[in-house]
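Counting starts at 1 for both ligands and their atoms, following the listed order.
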Amino acid sequence: MASTTTGPLSFDLKGTDGRARRGRVTVPHGVIQTPAFMPVGTRATVKGLMPRDLKATGSEICLANTYHMDISPGPKIVKKMGGLHEFMGWDKPILTDSGGYQVFSLPKTQLDEEGVTFRFEKKGGKKVKLTPERSMQIQQDLGADIAMAFDVCVPYPCDYKNAQDAVYRTIRWLERCKEAHTRPDQALFGIVQGSSYADLRGLSAQLTMGIDLPGYAIGGLSVGEGHSIMMAMIDCTEPSMVKEKPRYLMGVGYPEDIVEAVARGVDMFDCVIPTRYARSGVAFARHGRFRVSNARYKTDKYPLDTNCSCYTCKNFTRAYLNHLINTNEILGSALMTLHNVTFYQDLMRTIRTAIEEKNFEKFRVSFLQEYLAEDK
Ligand SMILES: CNc1nc2c(CC[C@H]3O[C@@H](OC)[C@@H]4OC(C)(C)O[C@@H]43)c3nc(N)[nH]c(=O)c3cc2[nH]1
């Protein structure tokens, strides 16, 4: 088993099955078994779950966001309160995104070499600038175990020149991030860009690998390009990424995306899908996802997923969840979220076992066959 330590992060590559990797990431607040799914807790809370419930799902790490935390309550308050772990009552690992992605989705955003200027409606329409240095300062104040570099994530589609400019600016900003990142107990991850251009993906990967960091993310995907371009871009990027460090595919994704990305060598994932879909009444199960708020479930006495052993599936029927979601009851969001995140974590656990037993390819085929079966 190869073990690589870079600053506060160690990655143990415990085994492979084809390009799929079974590993373990160790950071100050604990260990993350990989391939891993990281639930999204944008404002320092995974919506609808108490930390004890989040633990019950099997989650070993969760996310928070620089841009949202900068708005409220502000990083200085979080720091004063002991940092994110103390503040949100989560003693396991945390990863924070740099805020770049969120800002690009805002209207009236201006980008220049210094950083990104946008208008905070919350602060009375004040203009605020997010720069590599400020993103690092905020993330160091928040105190997550893993911080993401401040990058330029272009929308999809994007013309070649803008995608190329974004690749080079992201590298210049990564140098500035590394320079400004001085917190010894926090790992900084670089982010590979390149939009949907194979040559830019390879170029960005090589330039990013040239900057020694504990881990690297594949960015700029899951932005509307669709599954086949997403997979093609992973194939253009992954071969240029160092094998002995973790790879994090940002914003991914549906179960079918995760299984196919694991097959291509990805170790870590984050996505709002299981939590956001839960709140709108969509449940995930072995045979695919379904909207439990549909009338057909009004008298359905079965659990969401008969294979699932989560608190929701052990104690409640689809009929009850149908009622809660249709009456917009808070408990509906909580119970659906608990199940969906447990489903994702059970999927990751099954993936890890399949890689260990060298039958991941068999698992991949059988999972997709059952999960994507038309006759749901
Ligand atoms: C959904 N598709 C998707 N999300 C992406 C992200 C953001 C990922 C973060 O945004 C939130 O998801 C919307 C999640 O909640 C927090 C806690 C903010 O972290 C997650 C990206 N972030 C950066 N810095 N760079 C990227 O190229 C990038 C690409 C993405 N593609």
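- Residue A149 places no N or O, backbone or side chain, under 3.5 Å from any N or O of ligand 1.
- Ring geometry for Y297 versus F290: interplanar angle of 30 to 60°, hence tilted.
- Annotation: atom 20 (C) of ligand 1 to nearest protein heavy atom, D270 OD2, 3.3 Å.
- Nearest-residue assignment for atom 5 (C) of ligand 1 (options F150, Y248, Y156, Y101; heavy-atom criterion): Y101.
- In terms of N/O distances under 3.5 Å, ligand 1 is approached by Q102.
- Of the possible polar contacts, one joining the R318 side chain to the P303 backbone as a donor-acceptor pair under 3.5 Å is found.
- Between F316 and Y320, the ring-plane angle classifies as parallel under the 30° and 60° cut-offs.
- Residue Q193 touches ligand 1 through its side chain alone, judged by heavy-atom distances below 4.0 Å.
- The residue among D151, L221, T96 with a heavy atom at the shortest distance from atom 25 (N) of ligand 1 is D151.
- For G100, the closest heavy-atom approach to ligand 1 does not fall below 4.0 Å.
- A donor-acceptor distance shorter than 3.5 angstrom exists from the side chain of S204 to the backbone of Q193, with no hydrogens or angles considered.
- Ring pair Y371/F367 is parallel by interplanar angle, where below 30° counts as parallel and above 60° as perpendicular.
- Not a single heavy atom of M148 sits less than 4.0 Å from an atom of ligand 1.
- Each of I94, L63, I32 was evaluated against M38; a single residue qualifies, L63, per the side-chain contact (heavy atoms from CB on, under 4.5 Å) test.
- Counting heavy atoms closer than 4.0 Å to ligand 1, residue A64 contributes backbone atoms (N, CA, C, O) but none from C-beta onward.
- The shortest contact between atom 18 (C) of ligand 1 and any protein heavy atom is with N65 ND2, 2.7 Å.
- Relative ring orientation between Y197 and Y160 is described as perpendicular, the plane-to-plane angle rising above 60° on a 0-90° scale split at 30° and 60°.
- Looking from atom 19 (O) of ligand 1 to the surrounding protein, the closest heavy atom is L63 CD2, 3.4 Å.
- Between Y67 and Y101, the distance separating the two ring centers is not shorter than 6.0 angstrom.
- Protein heavy atom at the shortest distance from atom 12 (O) of ligand 1 is V272 CG1, 3.9 Å.
- For S222, heavy-atom contacts with ligand 1 shorter than 4.0 Å involve the backbone as well as the side chain.
- For K55, the NZ atom sits in a packed shell: over 12 heavy atoms of surrounding residues, nucleotides or ligands are nearer than 6.0 Å.
- Here the heavy atom of the protein found nearest to atom 27 (O) of ligand 1 is G220 N, 2.7 Å.
- Residue I191 touches ligand 1 through its side chain alone, judged by heavy-atom distances below 4.0 Å.
- Ring pair F343/H339 is tilted by interplanar angle, where 30° to 60° counts as tilted.
- Ranking the protein heavy atoms by distance from atom 22 (N) of ligand 1 puts D97 OD2, 2.9 Å first.
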